[in-house]
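Each remark here refers to the structure printed beneath this line.
Here is how names work: the chains are called A, B, and so on, in the same order as the sequence lines, proteins then strands, and each is numbered from 1. What you see is a predicted model; the values in this text were computed from it and never measured.
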Amino acid sequence: MLNKSFEPAQIETRLYELWESRKAFSAQPNSGKKPFTIMIPPPNVTGTLHMGHALTMTLQDTLIRWKRMQGFDTLWQPGTDHAGIATQMVVERTLATEGKTRQEMGRDAFIERVWEWKEQSGGGITKQLRRLGASLDWPRERFTMDEGLSRAVREVFVTLYNEGLIYRDRRLVNWDPVFRSAISDLEVESKDVAGNLWYIRYPVEGAGDATITVATTRPETMLGDTAVAVHPEDERYKNLIGKSVRLPLTGRLIPIVADEHSDPEKGTGAVKITPAHDFNDFEVGRRHNLPMISVLDDQARVVLDEIEQDLSAVEGLADPAFVRSLSGLSREEARKTIVARLEEDGWLEKIEPHRHQVPHAERGGAVIEPRLTTQWYCDAGKLSGPAVEAITSGRASFIPKQWENTFFAWMRDIQPWCISRQLWWGHRIPAWYGPDEHVFVAHDDADAQAQANAHYGKPVELRRDEDVLDTWFSSALWPFSTLGWPDKTPELARYYPTDVLVTGFDIIFFWVARMMMMGQHFMHDVPFRNIFIHGLVRDEHGQKMSKSKGNGIDPLELIDQYGADAMRFTICALTGIGRDVKLGRKRVEDYRAFITKLWNAARFCEMNGVKPVEGFDPATVKSPLGRWIIAEAAAAITEATRALDSYRFDEYALSCYRFVWNRFCDWFLEFAKPVFNSTDEAEAAEIRAVAAYVLGVILRLLQPVIPFVTDTLWHSFGYGEEGSLISASWPEPVVPAGAEAAQAECDQIIRLITEIRTVRAEMNVPPAQKAPVFLKDALPQTLEHAQRWQEAIGRMARVSEVAPLQGDIPHGSAQAVVDEATLIIPLAGLIDLDAERARLKKELGKAEDEVAKTEKKLGNENFVTRAKPEVVQEMRERLEAQQGECVRLKAALSRIG
RNA sequence: GGGUGCGUAGCUCAGCGGUAGAGCAUCGCCUUCACACGGCGGGGGUCACAGGUUCAAUCCCUGUCGCACCCA
């Protein structure tokens with residue numbers, strides 16, 4: 001016997017372990033089945049499961065479970081990435097509590113420590129994914145720092161280097177002065193900050209007291225100014241172009257140049273140019289061949305090395321001693337000190353409050369410093385061509401399609417990808433330097449040494465590059481490195497290209513684009529055929545979930561409280577195309593009701609002896625009720641399949657919901673009640689078999705989204721052994737003979753019952769009060785149907801008897817119209833005739849409005865001649881039906897008098 | 001400033017040329033032997049606004065306003 005209610009906590013863990021131990025999630029490379037592959041977007045090894053994971057993993061699991069049932073050899077590849085900065089931060093924080101730093105420990109000891117951390121506490125998210133029910137092929141789990149994947153990274157680096165697609169360059173990078181590393185421009189977040197515009201006078205050389213005033217948001221960088229720029233068309237400054245100014249404080253002479261970068265409308269129209277500390281200024285510097293002087297070090301402290309020799313003393317303008325005193329000050333302190341000194345010396349014209357965009361590190365939040373350094377770059381511009389081509393040619397497609405534009409826009413002006421990071425944790429760059437800094441890129445030490453020996457003609461000592469690669473560099477290889485590349489493994493041949501990538505739009509650039517570039521370059525084929533982009537999870541008010549707002553919901557807590565199935569179903573039901581998912585506790589609670597409903601329906605079936613019948617053929621069912629529900633089930637299967645085929649998770653969930661609740665429970669089981677208790681054994685047996693068949697369809701249809709409760713029922717009804725539903729086959733629609741007539745019949749009975757219920761409810765007839773129903777003007781077929789469904793109508797509409805009307809209409813009857821027939825419900829003394837008259841008048845009013853609308857349409861000459869004939873025909877039929885209803889309602893009204 | 005998406009019932013969202021839909025909420029009634037995480041019934045919408053195309057527009061086109069996100 002099934003329990004009175006479904007207890008997810010009692011079964012989820014056990015069932016998951018059963019699946020896993022039976023290798024139910026495993027790919028079967030030798031099966032001869034067609035493969036279907038999804039690569040997990042590898043979660044960060046330091047991460048814990050949040051709602052965003054719950055969303056994306058639920059969708060992926062639903063797809064993979066569905067495809068598995070459809071008979072594909074499914075591979076859902078699991079794993080995690082090593083998250084360079086995040087992981088290093090975590091471990092450094094632990095070290096700090098022990099009073100240690102990684103610098104004291106040294107590189108090797110630190111790396112060892114990180115591995116220890118990884119073994120003990122890393123990848124906790126993989127356990128949490130199991131709570132979700134995710135059917136990942138765990139024995140194939142990979143980590144981006146695995147030996148195999150690291151080999152792939154080295155292979156790619158060496159190859160791209162040899163092809164000239166990886167190179168070193170000295171240019172501005174986004175520098176995080178806290179981590180002291182370059183970071184990607186994608187990891188920089190511009191924030192609107194309240195700052196100031198400082199207006200500073202720079203004296204024009206050889207022009208007496210003339211000055212030019214520049215407006216700047218960063219006065220401290222003036223130590224590194226190498227020009228002042230004005231717009232070439234700016235009349236105010238035209239005569240100054242080509243002249244020089246003498247920089248306050250340092251006394252250096254710098255030119256006034258004409259450049260369209262300066263906006264005459266902004267500030268004074270004259271801007272100071274600091275090429276080594278600003279991206280725009282860098283470009284100006286390049287255009288005008290300006291020196292690039294760095295005045296901030298790796299921690300964004302003032303450093304004077306590059307300006308020391310040019311310091312000069314000018315009375316009231318420049319003071320080398322003051323400048324030297326700035327050495328080692330932070331950006332913020334230097335700014336304060338410099339502004340104070342300028343003011344004192346009379347060079348500060350004014351200060352204006354000013355809001356502007358300041359770059360911050362997404363991780364850690366430090367203010368980013370543009371900094372001139374030598375880094376390793378990947379020539380993304382060259383790699384992007386084939387990636388774009390893959391989309392334009394249709395070999396890979398975004399769903400929804402509009403993300404293609406986002407992808408193209410970014411790809412079109414893609415910047416060189418800075419791939420080096422000044423960290424220890426990660427793939428160390430396979431580059432070695434000789435005594436003269438000559439670079440040798442190699443797979444390993446020995447290879448590098450051999451190259452160097454050949455190059456120098458003698459053994460030399462090599463120094464390996466200290467830096468590591470951007471984590472996304474290894475993630476970009478994920479679709480083939482996990483399958484064994486660079487070896488030619490059977491898996492690689494079988495599962496690449498993968499079928500679909502499921503992810504959020506926030507990482508199209510970070511990851512999707514880079515996988516596409518690397519896949520095209522190294523595998524000569526796309527990494528995935530479809531790219532399904534889903535929305536973000538938000539709270540019920542549409543706010544982004546975030547730690548700082550405290551509006552996040554822990555998916556594990558939801559699972560504890562409502563069960564994994566309820567959460568998964570909620571996610572599916574709310575995942576429309578291209579829409580964010582607004583999820584609150586209440587939503588999950590609401591959809592849990594569906595799980596409970598399914599459970600109770602199954603329990604009811606069990607109580608009534610419903611069991612799967614061996615050899616049962618739904619196509620040969622005789623009873624109208626059986627034929628009807630089987631046809632309805634077929635429609636549900638078709639809808640659900642189509643929905644999944646087009647990634648309409650909401651439609652999939654809701655078509656199942658509607659079928660289970662509004663067809664199977666509300667009508668089929670209710671209609672089946674009298675049959676289950678009937679003395680007609682043959683009919684009862686057939687309906688039991690039909691119920692078992694339909695329940696089996698329901699469980700299979702829902703397995704992909706709610707695997708726990710469905711498997712529990714599957715097993716307890718004896719459809720298969722425990723844990724076997726996951727490998728059952730996806731249901732096929734079956735439409736039995738005579739289904740159309742059965743549907744017409746059942747639909748009519750449903751309309752009849754609903755009509756009686758409405759009348760009774762509106763007339764406030766107590767449910768306990770039964771009444772007969774007489775049919776007036778009914779066709780023989782309608783009478784026959786009403787007769788056959790006597791019992792169900794009686795119970796469901798609180799009717800004592802259904803019969804054709806004999807003689808006159810009893811006084812005090814309520815009346816209603818169903819198709820051609822008028823229902824007469826004698827309720828003398830129970831209803832208020834005035835109320836009944838009012839009710840009928842309202843009905844009539846509605847019907848007349850409809851008639852008027854249709855008549856107007858048909859009265860339009862243009863409509864009749866120009867609309868499609870079938871539409872006109874449909875309107876004519878509609879008008880006839882509507883007029884019939886009006887006639888019957890009028891007749892009913894006149895009978896009341 | 002450039003781009004994308006969205007404004008449909010109180011809320012969350014479907015529908016996207018031919019009679020406006022669902023879930024939740026709300027209001028009645030119901031301890032009917034699967035389910036009160038339930039059953040039955042009702043009310044509630046100039047489909048953001050203004051033009052245009054069409055026999056017909058919530059749906060297509062143009063513009064306006066509002067909201068969100070992405071890029072600069």
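Note on A:K401: nothing from the nucleic acid sits closer than 4.0 angstrom, heavy atoms only. Contacts of A:K597 with the nucleic acid, taken as non-hydrogen atoms under 4.0 Å apart, include base atoms. Within 4.0 Å of A:T854, counting heavy atoms only, lies no atom of the nucleic acid at all. Using a 4.0 Å heavy-atom cutoff across all strands shown, A:R757 reaches sugar-phosphate atoms only and no base atom. Residue A:M796 is out of contact with every strand shown, counting any heavy-atom pair closer than 4.0 Å. Backbone-only engagement by A:R648 is indicated by non-hydrogen atom pairs under 4.0 Å involving sugar-phosphate atoms exclusively.
Toward the 5′ end of RNA chain B lies the nearest nucleotide of A:N662, the other residue of the pair A:N662 and A:K4 mapping further downstream.
Spacing between atom CD of A:E850 and atom P of B:A20 amounts to 7 Å, rounded to whole angstrom units. Rounded to an integer number of Å, the gap from A:I577 CD1 to B:G15 C1' is 15 Å.
Side-chain N/O atoms of A:R592 include none lying less than 4.0 angstrom from OP1 or OP2 on B:C37. Within the structure, every side-chain polar atom (N or O) of A:R603 is placed at least 4.0 Å from both OP1 and OP2 of B:A34. Close to B:C40, at under 4.0 Å from its OP1 or OP2, lies no side-chain N or O of A:R795. One finds a side-chain N or O of A:K582 lying less than 4.0 angstrom from the OP1 or OP2 phosphate oxygen of B:C13.
A distance of about 8 Å separates the P atoms of B:A48 and B:C59, rounded to the whole Å.
Closest contact between the side chain of A:D666 and the listed nucleotides B:C40, B:C55, B:C70 involves B:C40. Comparing B:C13, B:G15, B:G18 by their closest approach to the side chain of A:R579 singles out B:C13. In this structure, of B:U19, B:C70, B:G42, it is B:C70 that holds the atom nearest to the side chain of A:K544. Here the side chain of A:D590 is nearest to one of B:C55, B:A34, B:C24, namely B:C24. Looking at the side chain of A:C665, the nearest of the listed nucleotides B:U19, B:A34, B:G38 is B:A34. Each of B:C55, B:A34, B:G41 was ranked by its minimum atom distance to the side chain of A:E762; first place goes to B:G41.
Using a cutoff of 4.0 Å between basic side-chain nitrogens and carboxylate oxygens, A:R642 and A:E639 are not scored as salt-bridged.
Interface remark: the A:E670 side chain does form a donor-acceptor pair with the B:A34 base, using a distance-only criterion of under 3.5 Å.
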